[in-house]
Amino acid sequence: MDFNAIERKWQERWDKEGTFKTDVWDFSKPKYYVLDMFPYPSGQGLHVGHPEGYTATDIVARMKRMQGYNVLHPMGFDAFGLPAEQYAIRTGNHPGGFTEKNIANYIRQLKMLGFSFDWDRTISTADPKFYKWTQWWFEELYKDGLAKYTETSVNWCEGLGTVLANDEIVDGKSERGGFPVVKRKMKQWVIDTPKYAERLLDGLNEVDWPNSTKEIQRNWIGKSQGAVIKFEIYGSDKTFEVYTTRADTLFGLSYCVLAPEHKLVNEITSKEQKLAVEKYIEECAKKSDLERTSLNKEKTGVFTGSYAINPVDGRKVPIYIGDYVLASYATGAVMGVPAHDERDFAFAKKHNLPIYPIIEGGTEDTCFTGSGKHINSDFLNGLDNKQAIAKMIEWLEENKKGHGTTIYKLRDWTFSRQRYWGEPIPAVHMEDGSVKLVEKLPLTLPEMKEYKGKNGLPPLENAGEWTNVTINGKKGKRDTNTMPGSAGSSWYYLRYLDPNNDKAMADPELIRHWMPVDLYVGGYEHAVGHLLYARFLNNYLYDKGIVPVKEPFKKLFHQGMILGENSEKMSKSRGNVVNPDDLVRDYGADALRMYEMFMGALEDSKPWNTTGIEGIRKYLDRVWRIYTESGKIKDNENKNLEKVYHQTVKKVAADYENLDFNTAISQMMIFTNAVMKEEVFPKEYAIGFLKLLNPVAPFMTEELWEKVFGNKKTIAYEPWPTYDEEKTKDNEVELVVQVNSKIVSRIVAEANAENESVLKLAKSDSKVSELISGKTIVKEIVVPNRLVNLIVK
RNA sequence: GCCGAUGUGGCGGAAUGGCAGACGCACGGGACUUAAAAUCCCGAGGUGGCAACACCGUGUGGGUUCGACUCCCACCAUCGGCACCA
């Protein structure tokens, strides 16, 4: 069988006949929206990991079509990104051309692999028709006060010459390139995602997502309940606030620490300490995040010369600055209770500060973080931690010294990138310092002679006239930053519904009909970045009445990684990369799809094995021969195959639905193994099985559908086979008989027989009766159709 | 350190609390062939035994249960996430 020729034939046929075009306005059938995370079109083309997730969704899409759903199964390209920009810098060519070429190659490969995408709806985030609407929602966020242009402390990456968001940093280095990242103050566009923190947390309870992903998002949002406590400064009218989850330990206070960047530091530093404090601040500023965290476990700090007054007992305690306190979290100041907090303990030890135990179990020279009764704590004495926290917050609120509060770790979404190849931020900075939005969208990227930024400034600074704008006679300058990669990917799933609409993101009626996405499959690495931003934006669009649901992705699944044959991550340097083009040439797309689905559970990482795909190729050849050469397919019945056929129809559909493709394929193999033993393969079963196999191996099954059964129309919309539950079961079943939980025999009984008769049968078995004779039966256990267990003494 | 996941033959992996190892790969034997490949049939967790069969066996140690890969507790290992978040 010439699988290459067959696959080519059907690719062309599907293309020509528009087999997989979706009429999104056909509301007569139930909808099913099945989506893949769209790829960045790199110069290398697809790697074998891509077809894994794409085959999974394609199988579901194909089955759902046959089950009568109107299926939307689109594909597009996350086309802005660093490699294209670096290519442009290197060659002087526009990154757009490079990107388009890569997209064309991706489309070729995706068609080659037989994915049933509707190619009329494909999108590219770098297309002005698309990013017009990325810019549009940015402007809406600005109007609603959620996008802000402010001076903030940002993650600056010198190596990339740009600012990065928290999720783009791994171990204090940039995710791309691994360059060091430092904190820097810059005027930046940021989006107020923390405003949605609570809702983003709540929404996780509504969605069918992997637990671990939900947990990662919960940790990232980082909800914390505690109290803000207000401290007065001795001999001054200034105050500052600390945040603590352990308000109950206020009686154990021995000092306070402000972050080095805290705005009060200058004002409260005494003359004597000024030099030391300034030196310390300077040292901190120079350190990267990495140095400040991992290399600096020692709790450094400097005394400011000022004292705070403990609001609950009036005692004076010294105020320090120390970089273990983060300016960006909560109030940027903490209270030091060394007796009951490990970090405070380490700090106190280093700086010779007193330790006041206030919970039973604590001492003056240890750190006790457990629970216990409070002591030396006035009105808290005798209470446990939980009661004491509540009581203290009550006291603080009554005395106006503080209040209970909830805070989140989730930070603003840093939205400016100092790059060329991204969506231009549609804002103009006027001479008077105000910001005006660009009214006519899209604001397209200008052509450039030079794509590299100069002197640490964004490349668009060199765009000449493009940057200068006059609005109502007043001069201004365009924002020269571009948006992050996560901007376009935060809403692309809406655009597939209506990719050419120039009046809206998509027609409101279509959004109402098609959202949410029913199944979304993509890599685990997006567990926070993309998946959190998309949820944020969707929630926002929900508030604006644009989207009918808060959560955009009802069911989410992460495919695992395909490792090299040596169980290591595939990489050029390890020399263990396998290429989809080669595999399709040698084994066919059907075999590649089927093998990747058969390797193991979709979510697991699993090593590539060349003999494995050879085995699948042989299996497909065997199926081909059964249909074309065996002469077994006849109109006759064959009772021998009845049960296994109905079981197979049942199991395959259920497994596809649950994305358990490996066991679905096993079941299909069990079925064909049974067919191999028979002389007659009833035509009804042959057709049914072909339909079951079609989602996995679409090319070969289309060919057999035409060649063997003489059909002129595609199999893609043929009704999905049904099964008869009764016929999946045996009339007779074999039961295991145990005596004292040890298997001693097997009996054959009628299916669903009464327990009484099964027991009788079991006891009459010769081996069993031998073992139980002369003994007392203490207990009789019958598991219907499975087992009998007799406990004897 | 905290959170999450995983641990089963030579390998990839199956098993609503009920026959562990389905299905496949690799392997061994056989048929076909002058021969090889392909194909088809058969075998196979480990140990002992000619064999029937016996014993052992799902990371380790306990527990619940008539019965545990499955549930509970503790521990070990691997992977992923967060990490001075007060």
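In this text the structure is predicted, and so the values were computed from the model without any measurement. Proteins get letters first, then strands, A, B, ... in listed order; numbering begins at 1 in each.
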Considering only atom [atom1], compute the distance from [N] to [M] and round it to an integer number of Å.
N     : M     : atom1 : answer
B/A52 : B/A5  : P     : 45 Å
B/G17 : B/C66 : C1'   : 12 Å
B/A83 : B/G13 : P     : 30 Å
B/G29 : B/C79 : P     : 39 Å
B/U47 : B/G10 : P     : 10 Å
B/C53 : B/U8  : P     : 30 Å

Looking only at N and O atoms, is any donor in the side chain of A/Arg746 or the base of B/C19 less than 3.5 Å from an acceptor on the other one? yes
Side-chain donor/acceptor contact of A/Lys409 with base of B/C82 under 3.5 Å: no
Looking at every strand, decide which applies to [X] at a 4.0 Å heavy-atom threshold: base, sugar-phosphate, or nothing.
X        : answer
A/Glu780 : nothing
A/Arg617 : nothing
A/Lys742 : sugar-phosphate
A/Phe598 : base
A/Lys606 : sugar-phosphate
A/Asn789 : base
A/Ile670 : sugar-phosphate
A/Glu342 : nothing
A/Met335 : nothing
A/Ala527 : nothing
A/Ser605 : sugar-phosphate
A/Ser666 : base
A/Asn211 : nothing
A/Ile781 : base

Which label fits B/G49, syn or anti, where anti is any glycosidic angle not within 90° of 0? anti
Tell me: CD of A/Glu215 to C1' of B/A83, nearest whole Å? 15 Å
Please verify the inter-ring angle class for A/Trp608 with A/Tyr595; under 30° counts as parallel, over 60° as perpendicular, anything in between as tilted. perpendicular
Distance under 6.0 Å and angle within 45° of ring axis: A/Lys632 vs A/Phe681: no
